[in-house]
Amino acid sequence: MSKNTPQAIRGTQDIFGAEAEAFAFVVETFERVRRLYRFRRVEMPVFEKTEVFSRAIGETTDVVSKEMYSFEDRGGDSLTLRPEFTAGIARAFLTNGWQQHAPLKVATHGPLFRYERPQKGRYRQFHQIDAEIIGAAEPQADVELLAMADQIIRELGITGVTLHLNTLGDADSRDAWRAALVEHFRAVKGELSEDSQERLEKNPLRILDSKDRRDQAFVADAPKIDAFLSDDAKAFFEAVTSGLDAAGVKWTRAESLVRGLDYYRHTAFEFIPDEGSEAASRLGSQSTILGGGRYDGLMESLGGAPTPAVGWAAGIERLAMLVGDSLPPDRLEIAIAAENVERETDAAEMVSVFRQAGFVAEAFITGSPRKRYDKARKSEPAILISFDVREGQKTQSWLSTDPTIVREEEALQLLEDRWKLS
RNA sequence: GCGAUCGUAGCUCAGUUGGUUAGAGCGCCGGUUUGUGGUACCGGAGGUCGGGGGUUCGAGACCCCUCGAUCGCCCCA
């Protein structure tokens, strides 16, 4: 590689081979399952006015304050490459009059951008699948959304992952709890970790899932959300949990689970690998593979009418790292080796016949004719066909290495229709 | 944004306390061999040792800067 060749941008990926196949498998599974749940597909802009995100997500969050790719366009507007889907979808809901479709179930996927330090499972351009239900205040919406998430993960063959569930209560519950937490932690501020001392001002809820030992003791006896829940909020959460049980979705209560973005209310959840599981070790420190919750306050922050909504997003790269063995086989069914230059067009014609009949087929008609058979063999086809010329006669021979995974009789009939087998 | 480790052919890696024209295996290309056969042998292409600067008679090896990757922290999907 020349030093004159431009390098890829830090934190971007050129995905190829097995990883690309796993990526596609995640997207295909998502597309298939979202149809089962009647989520409608939407395509969204990759960039929006900066205020869409700063108002929706919250100015003080890390995402907005230091991770956005923002720039001024030629017209002088401040624009931002989307760091998440929800804000843009909420904006579209308001500006396109999608209220008429409420309750609206939508799904999408694509690239997102966050200026972060790259790590395994964390990139500056990354990709998510995303599902939202807008205009539904009922706990049944939360249940449906979570049931779909659970089914997608299961159909991807991912195991050792558990749904961690919590409630943040309604706006009043959340505010009262937050105030109590600030009071609790402020009393011991000097003994908290530096990070948590800062969180105390910016995002006190996050102290609850601090990994720092110094914080753990104070987290243990911190006020619990349950003590602050209104009767309605409590009933809502109970409806969600009983709905999940009825739908057969396994979950565990995570009292200290909070979400980083300002707009969350009531239900908050993450799918996290179980400690010590294969999945956990594959993901490293990037543990959450799917996260979301209810965001009843978001529409108002964008100037819309109060509109209840729930949603989640999941990192495609992180899911792809976990699919492993469950990938559908990508097996070459038929390989044709033209072992003589005179048979190249015959082989090209025959491979076309096979492909149009729905076979995965490839012709080996380049490079040294004497080595084509070996090349074809190394591609591990279920059926290997050789086109050659022996003693002036065109010859066609075939070798079956695995008749169980291909329509062998049909394939050989197609071959015989055109050529005499030798 | 902070800390740590690392960066030699397409891939996996060797390169001894700095010392002559930088190597291997696999892969790739070509030749020979084999001729119902994933064989064996021979040959070839491909590296300004991530980039830049410095120390030295001499640097892939040492120092500084920079870019990138990986692993923590932070944050999050």
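Note that the coordinates shown come from a computational prediction; the quantities given were computed from them, not determined experimentally.
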When the [atom1] atoms of [N] and [M] are considered, how many whole Å apart are they?
N	M	atom1	result
B/G68	B/G51	C1'	10 Å
B/C29	B/G72	C1'	45 Å
B/G3	B/C65	P	12 Å
B/C6	B/C62	P	10 Å
B/G7	B/C49	C1'	10 Å
B/G18	B/G60	C1'	10 Å
B/U48	B/C67	P	22 Å
B/A14	B/U32	C1'	31 Å

Starting at atom [atom1] of [X], determine the distance to atom [atom2] of [N], rounded to an integer number of angstrom.
X	N	atom1	atom2	value
A/Ile9	B/A69	CD1	C1'	16 Å
A/Glu84	B/C75	CD	P	17 Å
A/Leu208	B/C75	CG	P	12 Å
A/Arg114	B/C75	CZ	C1'	8 Å
A/Arg124	B/C75	CZ	C1'	13 Å
A/Ile336	B/U36	CD1	C1'	17 Å
A/Asp130	B/A77	CG	P	10 Å
A/Gln197	B/C74	CD	C1'	15 Å

Would you indicate what [X] reaches in the nucleic acid, counting non-hydrogen atoms under 4.0 angstrom: base, sugar-phosphate, or nothing?
X	answer
A/Leu290	sugar-phosphate
A/Arg372	nothing
A/Glu67	sugar-phosphate
A/Asp388	base
A/Gly11	sugar-phosphate

Are [X] and [Y] ion-paired here, with the side-chain N under 4.0 Å from a carboxylate O?
X	Y	result
A/Asp150	A/Arg154	yes
A/Glu339	A/Arg343	no
A/Arg253	A/Asp226	yes

Options [options], nucleotide nearest the side-chain atoms of [X]:
X	options	answer
A/Arg206	B/C73, B/C76, B/G37	B/C76
A/Arg377	B/G38, B/C74, B/G35	B/G38
A/Arg10	B/G35, B/A69, B/A77	B/A69
A/Asp374	B/G68, B/G38, B/G35	B/G38

[X]: what forms a side-chain contact (heavy atoms from CB on, under 4.5 Å) with it, not counting sequence neighbours?
X	value
A/Thr29	A/Phe25, A/Arg32, A/Val33, A/Glu155, A/Leu156
A/Asn96	A/Arg91, A/Ala92, A/Trp98
A/Glu380	A/Arg331

For A/Glu344, the side-chain hydrogen bond (donor to acceptor under 3.5 Å, both in side chains) test, sequence neighbours excluded, returns A/Arg372
With 3.5 Å as the limit, what N/O pairs link the protein to nucleotides 70-72 of chain B?
unit_1: B/C71; atom_1: OP1; unit_2: A/Lys120; atom_2: NZ; d: 3.3
unit_1: B/C71; atom_1: OP2; unit_2: A/Lys120; atom_2: N; d: 2.7
unit_1: B/G72; atom_1: OP1; unit_2: A/Ser285; atom_2: N; d: 3.3
unit_1: B/G72; atom_1: OP2; unit_2: A/Ser285; atom_2: OG; d: 3.3

**Item:** Between A/Ser400 and A/Glu408, a side-chain donor and acceptor under 3.5 Å
**Value:** yes
Only pairs at least two apart or in different chains count here, so list each ring pair (Phe, Tyr, Trp, His ring centres under 6.0 Å) that has a residue in [range].
range	answer
residues 274-296 of chain A	A/Tyr263-A/Tyr295
residues 180-225 of chain A	none
residues 28-58 of chain A	none

Please set out all donor-acceptor pairs under 3.5 angstrom arising from side-chain atoms of residues 309-319 of chain A, sequence neighbours excluded.
unit_1: A/Trp312; atom_1: NE1; unit_2: A/Leu145; atom_2: O; d: 3.0
unit_1: A/Glu317; atom_1: OE1; unit_2: A/His127; atom_2: N; d: 3.1
unit_1: A/Glu317; atom_1: OE2; unit_2: A/Gln13; atom_2: NE2; d: 2.8
unit_1: A/Glu317; atom_1: OE2; unit_2: A/His127; atom_2: N; d: 3.2
unit_1: A/Glu317; atom_1: OE2; unit_2: A/His127; atom_2: ND1; d: 2.7
unit_1: A/Arg318; atom_1: NE; unit_2: A/Gly121; atom_2: O; d: 2.8
unit_1: A/Arg318; atom_1: NH1; unit_2: A/Thr288; atom_2: O; d: 2.7
unit_1: A/Arg318; atom_1: NH2; unit_2: A/Gly121; atom_2: O; d: 3.2
unit_1: A/Arg318; atom_1: NH2; unit_2: A/Gln286; atom_2: OE1; d: 3.2

Under a 4.0 Å heavy-atom criterion, the protein footprint on nucleotides 28-34 of chain B, written with B, S and -, is -SBBSSB
Dot-bracket assigned to RNA chain B with the 3.5 Å Watson-Crick/G-U criterion, [ ] for crossing and | for other-strand pairs, is (((((((..((((.....[...)))).(((((.......))))).....(((((..]....))))))))))))....
Residue pairs passing the side chain to side chain donor-acceptor pair (under 3.5 Å) test with at least one member in residues 103-113 of chain A, sequence neighbours excluded, are A/Arg41-A/His109, A/Lys105-A/Glu144
Any N or O donor-acceptor pair under 3.5 Å from the base of B/C76 to the side chain of A/Arg318?
yes
* Asked: Taking A/Thr401 for the side chain and A/Pro381 for the main chain, is one N or O donor matched with an acceptor at less than 3.5 Å?
  -> yes
Whichever of A/Gly315 and A/Ser210 has the more 5' nearest nucleotide on RNA chain B, that residue is A/Ser210
Does the aromatic ring of A/Tyr373 sit over the six-membered base ring of B/G38, closer than 5.5 Å centre to centre and tilted less than 30°? no
